[in-house]
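Below is one structure; the comments refer to it alone.
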Amino acid sequence: MSPPGRPEGEHRSAQHEGNPVNAKALHIRSRDNPALVAVRRALREPAYYRRKGAPLWLEGDHLLRACRARGHPLNQVLLTESAWAMPALRALAQQAERVLVLPDVLFKELSSLESPASIGALIERPQAASLSTDMPTVILDRLQDAGNVGSILRSAAAFGVTQVLALSGTAALWSPKVLRAAMGAHFALRLHEAMAEQDLSSLSLPWVATSSHAPALLHETKLPQPCAWVFGHEGQGVSAELVARCTLTLRIAQPGGEESLNVAAAAAICLHEGLRQRC
């Protein structure tokens with residue numbers, strides 16, 4: 001992603017001593033700045049990043065640090081004038097190729113959060129690694145809620161399941177809402193999305209799904225290692241076609257009597273149980 005040229009409304013700040021990448025920052029006032037236009041579009045269109053050359057939007061210093069910790073560059077950092085005055089956030093911003101400093105009120109327009117962050121970045125989507133046929137895997141079958149998808153990515157990274165395959169119909173993995181919910185997990189995972197069912201045929205792992213009607217209980221069953229966990233649509237569950245391909249379908253014990261668990265909660269339980277049995 002090439003940084004856009006400097007439009008009207010920008011002016012350069014003095015050089016900051018010790019800056020390893022940027023000689024100067026640009027102070028902007030115009031809502032029509034190309035970077036701001038790109039952020040607003042990313043927020044408005046969850047799959048915007050799939051267009052050729054379109055950037056990802058990372059909001060908050062935690063995501064920026066997670067990105068850098070995995071060796072990915074920050075193309076453009078946008079931050080408030082208040083954040084620019086904070087040494088830690090200024091140092092983080094200066095790891096980018098380009099820094100834009102905005103009035104605080106203008107930055108608030110770039111967030112859908114009740115308490116907006118004061119820093120964000122536009123980056124190129126990391127290149128996807130090749131699909132592994134025998135790596136511990138999560139398969140997402142048409143999950144709709146961005147919060148659920150992000151939570152599952154976070155659990156996968158935490159419990160050592162490093163490949164996630166999302167079938168078509170699943171919420172866009174790199175959308176701003178999924179990125180926020182995953183809290184940096186994206187940069188620790190091998191992610192593939194918009195896949196068709198036939199794309200999964202190369203997996204050599206046994207598949208495991210859950211169902212509230214399955215007779216076998218998760219915590220009483222020896223899990224295959226490694227395996228591919230299949231988690232399905234919030235209302236419809238895993239499709240019948242995918243269930244038919246599963247080696248095991250297990251039930252999570254719920255002595256409290258609820259009919260079912262939220263899919264992100266169920267995924268966390270399953271992935272933790274898999275880790276427990278591996279250790």
Side-chain angles (χ1 to χ4, degrees), residues 46-47 128 131-133 135-175 177-179 181-182 185-186 189-221 223-254 256-275 277:
L131 190 149
S132 171
T133 61
M135 175 180 289
T137 296
V138 164
I139 299 170
L140 302 179
D141 178 24
R142 300 165 295 122
L143 271 73
Q144 303 290 294
D145 184 81
N148 284 336
V149 172
S151 293
I152 293 173
L153 297 188
R154 191 175 181 184
S155 293
F159 299 130
V161 179
T162 52
Q163 178 169 259
V164 177
L165 312 179
L167 293 175
S168 293
T170 299
L173 295 189
W174 292 93
S175 69
K177 287 184 178 180
V178 175
L179 279 159
H186 286 72
L189 297 170
R190 300 161 68 107
L191 301 176
H192 298 264
E193 63 177 343
M195 300 185 74
E197 287 187 20
Q198 56 265 32
D199 296 331
L200 305 176
S201 59
S202 63
L203 290 179
S204 58
L205 304 164
W207 294 17
V208 184
T210 62
S211 169
S212 59
H213 306 294
L217 286 167
L218 171 66
H219 69 280
E220 295 178 349
T221 302
L223 297 171
Q225 302 287 353
C227 68
W229 286 98
V230 188
F231 302 111
H233 184 280
E234 289 86 350
Q236 302 169 10
V238 179
S239 72
E241 293 78 10
L242 295 185
V243 170
R245 296 171 67 173
C246 290
T247 303
L248 292 171
T249 303
L250 303 173
R251 174 166 53 91
I252 298 171
Q254 296 172 236
E258 293 300 319
E259 180 181 356
S260 63
L261 289 171
N262 168 275
V263 65
I269 292 169
C270 293
L271 298 178
H272 179 268
E273 178 62 17
L275 176 63
Q277 293 193 21

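No hydrogens, no waters, no symmetry mates; every other heavy atom, side chains included, goes into these values.
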Backbone N or O of [Y] within a donor-acceptor pair of the [X] side chain at under 3.5 Å?
{"X": "Gln225", "Y": "Gly274", "result": "yes"}
{"X": "Asp141", "Y": "Ser239", "result": "yes"}
{"X": "Arg251", "Y": "Ala214", "result": "yes"}
{"X": "Gln277", "Y": "Thr221", "result": "yes"}
{"X": "Thr170", "Y": "Arg142", "result": "yes"}

Sub-4.5 Å side-chain heavy-atom contact between [X] and [Y]:
{"X": "Thr249", "Y": "Val238", "result": "no"}
{"X": "Leu250", "Y": "Leu223", "result": "yes"}
{"X": "Glu234", "Y": "Leu143", "result": "yes"}
{"X": "Arg245", "Y": "Leu200", "result": "yes"}
{"X": "Leu218", "Y": "Cys270", "result": "yes"}
{"X": "Val178", "Y": "His186", "result": "yes"}
{"X": "Leu131", "Y": "Ser202", "result": "yes"}

So how far is it from Arg190 CZ to Met135 CE, rounded to the nearest 0.5 Å? 4.0 Å
Quick one: CG on Leu205 to OG on Ser132, what's the gap to the nearest 0.5 Å? 7.5 Å
For Leu165 and Leu203, what are the C-alpha separation, side-chain angles and deciding distance, and is it a side-chain contact (heavy atoms from CB on, under 4.5 Å)? CA-CA 11 Å; Leu165 312 179; Leu203 290 179; 3.9 Å; yes
The residue among Leu189, Leu179, Leu191 that forms side chain to side chain contact (heavy atoms under 4.5 Å, CB included) with Leu173 is Leu191
Set of residues satisfying ring-ring contact (aromatic ring centres under 6.0 Å, His included) with respect to His272, sequence neighbours excluded: Phe159
